[in-house]
Visitor: 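Below you will find the structure I want to go over with you.
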Amino acid sequence: MEQFFQQLTNGLAVGGIYALIALGYTMVYGVLKLINFAHGDLFTIGAYLGLTLLTSLSLTDRLGPFWGVVALAAMAMGLVALVGALLERVAYRPLRESPRLSAVVSALGASIFLSNAVMLIYGARFHVYPQDLLPKITLDLFGLQLPLVRVLILAASLVMMTALYLFIQKTRIGTAIRAAAIDQGAARLMGIDVDRVILLVFLIGPALGGVAGVMVGIYYGQINFTMGWTYGLKAFTAAILGGIGNIPGAMVGGLLLGVIEAMGAAYISIAWKDAIAFCILIAILIVRPTGLLGERVAEKV
Amino acid sequence: MLLQVVDLRVKYGNIEVLHGLNLEVKEGEIVTILGANGAGKSTTLLTISGLVKPVSGAIYFGKTSLHKMPAHRVVERGIAQVPEGRRIFNTLTVQENLKLGAFTSSDRARVNRTMEWAYQLFPVLAERRQQLGGTLSGGEQQMLAIARGLMSDPKILLLDEPSLGLAPLLVRTIFQTLREVNRTGVTIVLVEQNAKAALKLAHRGYVMELGQIVLHGNAADLLENPEVQRAYLGAGQ
Ligand SMILES: Nc1ncnc2c1ncn2[C@@H]1O[C@H](COP(=O)(O)OP(=O)(O)OP(=O)(O)O)[C@@H](O)[C@H]1O
Ligand SMILES: [Mg+2]
């Protein structure tokens with residue numbers, strides 16, 4: 001039982017990270033019907049920028065561990081958001097009216113460019129996040145011994161997801177994003193500047209992906225320039241699992257995938273951990289391509 | 001002149017579908033545009049709204065030119081459109097759809113007042129505020145589309161076949177509503193297949209064929225015009 005709950009909470013923490021990345025895929029897909037293949041690399045950039053900021057600004061020394069990490073996360077979010085906006089401007093906007101395939105090729109090109117840029121700047125070896133970033137203590141929750149870092153990671157991703165959900169559901173701009181995802185032309189007729197909506201999506205998605213990169217650095221302690229591939233693919237699976245284009249779907253899909261993986265690693269075989277995600281991806285694409293929450297309201301003629 | 005379309009040419013790809021269109025709308029008028037399928041009526045409205053860009057020609061709204069303006073700015077200026085096929089937001093609630101209609105308006109009190117007015121015009125919508133747009137019946141969706149078009153307090157409302165697929169009684173209600181809306185000072189441009197009802201409602205009318213205006217005049221005169229009667233009013237069948 002103890003092992004089960006350990007795996008469950010670990011799976012939720014990792015799943016929260018998947019969910020944050022998955023939101024970037026799903027939001028961009030929602031408004032542009034395009035898979036932003038470079039999104040995983042934005043996540044990598046977040047992890048590396050986080051490390052650079054951490055070591056160069058010695059944030060935790062100045063602000064204490066908690067606020068230091070919060071400031072770090074906020075800065076990484078802001079910077080990766082800018083990279084995302086730039087990516088949209090350079091790689092996607094010029095192709096807005098072109099055939100779909102051009103944008104897909106551009107996305108792949110951007111991905112290759114960004115991951116190689118990270119490799120050239122930081123080198124191909126693993127980099128290590130400082131181990132003493134957060135106090136290494138365990139919390140006692142209902143008799144369960146949980147590492148503080150795990151609890152904080154999970155809490156942070158839940159807070160960000162809730163904030164995003166409320167923003168999308170309750171605010172005027174959030175409603176405009178949903179409208180642009182349903183019908184861009186109709187959204188324009190409402191007076192919505194769809195270009196700005198797209199830009200906003202390319203700020204929010206990368207910001208969440210970037211902070212997820214920092215979280216992985218803190219949680220696992222080491223990062224590598226190829227991490228964007230594995231995490232990107234897992235998060236993409238999570239987005240498909242929840243129904244691509246569906247924001248709550250990405251959240252549920254991410255958490256679910258994290259838990260399934262953790263359970264699979266514990267009870268089936270750790271060697272199968274990565275394969276599980278891809279089996280799920282293939283299974284969904286065959287059985288239920290619209291994902292768990294990706295139901296369509298029937299269109300009236 | 002409130003709205004003026006001058007020598008408008010529009011292409012989709014290499015195919016030109018509007019070949020030098022001229023059109024005028026005075027303040028306070030109801031103007032209807034009639035024409036066979038594919039004549040270019042929807043294209044005309046979409047070009048006025050800025051969703052389609054002309055290759056040449058001009059569109060003036062008062063003294064401002066619209067033909068280079070992005071669509072969202074056209075709406076800000078006071079031109080709303082109820083597009084062909086309704087295009088309501090299926091997975092948003094009725095209320096959210098209406099709020100989006102007022103997206104350009106920052107005056108909350110006024111938005112709420114307009115919304116109450118829209119609910120009075122279409123009481124069914126009030127009962128279904130929290131229902132998803134896609135779950136409404138076709139007629140209800142059409143009412144929602146019209147109400148949404150009114151939410152920005154437009155100076156001009158462009159309507160593309162608002163009566164399509166509706167029961168005759170509902171068509172009458174909707175046309176009655178349009179007349180009331182017009183009396184509050186909203187200028188209306190109405191594209192219709194239902195030529196008789198449209199001409200009875202309108203002050204003036206234009207007849208389009210193959211991307212050009214071939215006839216225009218007072219609605220009452222067009223109703224009497226033998227050509228119009230033969231082609232659009234089904235006389236002699
Ligand atoms: N997006 C498009 N791409 C290419 N051609 C188009 C497009 N939209 C319309 N057309 C063509 O332009 C011409 C005019 O179309 P439009 O929709 O303006 O006609 P309409 O008068 O509104 O017809 P209807 O009464 O059937 O609605 C048609 O020949 C149509 O096939
Ligand atoms: Mg049409």
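Chain A is the first sequence line, chain B the second, and so forth, proteins listed ahead of strands; every chain is numbered from 1. Hydrogens, waters and symmetry mates play no part in the numbers below; they use all other heavy atoms, side chains included.
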Visitor: If I compare all heavy atoms of Asp183(A) with all of Phe89(B), which pair ends up nearest, and what's the gap?
Guide: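 Answer, listing the atom of Asp183(A) first, then Phe89(B): O-CE2, 3.9 Å.
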
Visitor: Looking only at heavy atoms, which two atoms of Arg188(A) and Val75(B) are closest? And how far apart?
Guide: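 Reported closest heavy-atom pair: O-CG2, 3.7 Å.
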
Visitor: Tell me, out of Arg148(B), Glu76(B), Gln81(B), who's got the most heavy-atom pairs with chain A below 4.5 Å.
Guide: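 Highest number of heavy-atom pairs under 4.5 Å: Arg148(B).
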
Visitor: State whether the number of non-hydrogen atoms from other residues, nucleotides or ligands found under 6.0 Å of Arg89(A) atom CZ is greater than 12.
Guide: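 No, the 6.0 Å shell around CZ holds no more than 12 heavy atoms from other groups.
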
Visitor: Is the number of heavy atoms from other residues, nucleotides or ligands under 6.0 Å of Arg96(A) CZ greater than 12?
Guide: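 For Arg96(A), atom CZ is crowded (more than 12 foreign heavy atoms under 6.0 Å).
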
Visitor: Can you tell me how far CG of Leu100(B) sits from CG of Leu189(A), rounded to the nearest 0.5 angstrom?
Guide: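 Result: 12.0 Å between the selected atoms.
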
Visitor: Other residues, nucleotides and ligands only: do more than 12 of their heavy atoms fall within 6.0 Å of CD on Glu97(A)?
Guide: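 Not more than 12 within 6.0 Å, no.
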
Visitor: Looking only at heavy atoms, which two atoms of Phe103(B) and Gly191(A) are closest? And how far apart?
Guide: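 Closest approach of Phe103(B) to Gly191(A), heavy atoms only: CD2-O, 3.6 Å.
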
Visitor: Sort out for me which of Leu92(B), Ile88(B), Asn97(B) touches chain A most, counting heavy-atom pairs under 4.5 Å.
Guide: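 Heavy-atom pairs under 4.5 Å are most numerous for Leu92(B).
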
Visitor: On a heavy-atom basis, which atom in Met190(A) and which in Gly101(B) lie closest, and how many Å separate them?
Guide: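 Nearest heavy atoms, Met190(A) then Gly101(B): SD-CA, 3.7 Å.
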
Visitor: Does atom OH of Tyr119(B) have more than 12 heavy-atom neighbours from other groups under 6.0 Å away?
Guide: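 More than 12 heavy atoms, drawn from other residues, nucleotides or ligands, come within 6.0 Å of this atom.
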
Visitor: Where does Thr104(B) contact chain A at under 4.5 Å (heavy atoms): side chain, backbone, both or neither?
Guide: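 Both backbone and side chain of Thr104(B) come within 4.5 Å of chain A.
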
Visitor: Could you tell me which portion of Ile192(A) (side chain, backbone, both or neither) has an atom closer than 4.5 angstrom to a non-hydrogen atom of chain B?
Guide: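 Both backbone and side chain.
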
Visitor: Can you find a heavy atom in the side chain of Glu96(B) that is under 4.5 Å from one in the side chain of Arg178(A)?
Guide: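 They are in side-chain contact.
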
Visitor: Looking only at heavy atoms, which of residues 27-62 of chain B get nearer than 4.5 Å to chain A?
Guide: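 Interface residues of residues 27-62 of chain B: Ser49(B), Leu51(B).
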
